[in-house]
Amino acid sequence: MSDFELQDSGSEFDSDDNSDAELQAAFERGELKPGLNVEFGGQRVKINDITKLLAKAQAIRLDLPWEERLDMVNDLAPLAPELAVQLEKHEQKRANQFKGNAKIPYVRPEEDPVLNDFKREMLFHRQAQAAVVEGIQRLHKLGIKTRRPDDYFAEMAKSDEHMQKVRSNLMAKQQGQAKSERIKQIREQRKMGKMLAKQTKVQREAEKKEMLDKLKKFRKGKLKNLDFLEDAKALESKQKQSADKRKQRNKKFGFGGKKKGLKRNTKASAAGLEAEKSTRRQRGVKAGASVNKRMGKSRRIKAKGRK
């Protein structure tokens with residue numbers, strides 16, 4: 001380390017704890033001069049003093065009981081059947097990739113990095129499983145409980161108000177998703193209804209065109225009978241029955257119509273004429289008819305007496 005010896009400049013800035021601000025101040029005062037920092041070009045000697053290392057490890061070692069350390073050295077746990085099945089599936093999948101793609105160079109299973117990652121994770125899993133099984137047995141021998149009692153009470157890190165907010169947010173999110181799903185289903189049903197109506201219209205037009213073509217052929221003598229008209233009448237009767245059912249349903253439940261803007265104010269309602277129309281409708285008077293079209297009985301008798 002002789003190459004790194006600092007020259008004594010008589011300043012107080014020769015410590016290893018100098019900050020950037022102190023170094024900048026020393027540079028401004030001219031206390032940092034060339035030659036203070038020497039580049040080391042040699043090869044560093046590596047020292048592996050095993051005796052001193054073991055002595056230091058023994059000095060810093062804490063002689064604690066095993067339940068405080070919980071350190072274990074154990075073998076791997078037996079390979080579980082589900083892990084064996086997963087490993088076989090990975091190998092088969094990798095083999096299929098090599099067969100289906102000539103651009104991927106073939107690699108043996110024991111040298112395949114993809115399978116090696118899975119095997120490494122599987123070894124970690126088996127090592128942890130063996131440590132848990134053996135560790136629980138040793139804890140039970142020492143009389144240490146490993147299961148939490150049924151009446152154990154643990155204070156939550158989050159407050160009840162915070163958890164209520166989280167629950168309300170989750171509920172709002174679920175309701176929003178359910179609403180969007182319902183809207184999506186309604187849109188799909190509308191699309192399907194429009195599609196069916198369009199198909200029905202096209203089918204009716206095709207049937208009508210077919211019937212007209214048959215009539216032309218019959219007039220020209222290419223057809224001998226009019227049996228196709230019976231089918232047309234049956235179809236027409238069926239359509240009429242459907243229309244009658246629709247009329248009955250409209251009469252019973254209403255037929256829809258325009259809903260938007262019905263409660264909007266108009267010029268007649270603003271002038272007070274709408275109230276008169278509604279009153280006349282309630283009395284059963286038709287539009288354009290006079291309200292006092294028929295006189296009362298006493299007036300009619302007086303009118304007859306005058307005559």
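Note that this is a predicted model, so its numbers are computed, not measured. Just so it is clear, the values below take in all heavy atoms, side chains as well, and ignore hydrogens, waters and symmetry mates.
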Please check if the number of heavy atoms outside [X] that lie under 6.0 Å from its [atom1] is greater than 12.
{"X": "E161", "atom1": "CD", "value": "no"}
{"X": "R300", "atom1": "CZ", "value": "yes"}
{"X": "Q177", "atom1": "CD", "value": "yes"}
{"X": "I183", "atom1": "CD1", "value": "yes"}
{"X": "D71", "atom1": "CG", "value": "yes"}
{"X": "R69", "atom1": "CZ", "value": "yes"}
{"X": "F27", "atom1": "CZ", "value": "no"}
{"X": "D244", "atom1": "CG", "value": "yes"}

Practice prompt. Indicate the ring-plane relationship of F118 and H90, choosing parallel, tilted or perpendicular according to the 30° and 60° boundaries.
Written response: parallel

[X] [atom1] to [Y] [atom2] distance, which is reported to the nearest 0.5 Å:
{"X": "E188", "Y": "K184", "atom1": "CD", "atom2": "NZ", "result": "7.0 Å"}
{"X": "Q203", "Y": "E210", "atom1": "CD", "atom2": "CD", "result": "10.5 Å"}
{"X": "D49", "Y": "K56", "atom1": "CG", "atom2": "NZ", "result": "12.0 Å"}
{"X": "R126", "Y": "K119", "atom1": "CZ", "atom2": "NZ", "result": "11.5 Å"}
{"X": "D160", "Y": "K158", "atom1": "CG", "atom2": "NZ", "result": "13.0 Å"}
{"X": "M163", "Y": "S168", "atom1": "CE", "atom2": "OG", "result": "10.5 Å"}

Could you tell me which non-hydrogen atom of [X] sits nearest to which non-hydrogen atom of [Y], and how far apart they are?
{"X": "E67", "Y": "L142", "result": "OE1-CD1, 3.6 Å"}
{"X": "A130", "Y": "L76", "result": "CB-C, 4.1 Å"}
{"X": "W66", "Y": "L139", "result": "CZ3-CD2, 3.8 Å"}
{"X": "Q129", "Y": "A77", "result": "OE1-CB, 3.9 Å"}
{"X": "M122", "Y": "L87", "result": "CE-CD2, 3.9 Å"}
{"X": "H140", "Y": "T146", "result": "NE2-OG1, 2.9 Å"}

May I ask you to test the [X]-[Y] pair for a side-chain heavy-atom distance under 4.5 Å?
{"X": "L170", "Y": "R167", "answer": "no"}
{"X": "M195", "Y": "Q199", "answer": "yes"}
{"X": "Q92", "Y": "N96", "answer": "yes"}
{"X": "E91", "Y": "D112", "answer": "no"}
{"X": "N169", "Y": "K173", "answer": "no"}

Worksheet item: Taking atom types as modelled, is there a side-chain donor on Q97 or R94 under 3.5 Å from an acceptor on the other?
Response: yes

Worksheet item: According to a 4.5 Å side-chain heavy-atom criterion applied to Ile, Leu, Val, Met, Phe, Trp and Tyr, with indirect links allowed, do I144 and L70 form part of one hydrophobic cluster?
Response: yes

Fill in: Shared hydrophobic cluster for L115 and V85 (ILVMFWY, side-chain gaps under 4.5 Å)
no

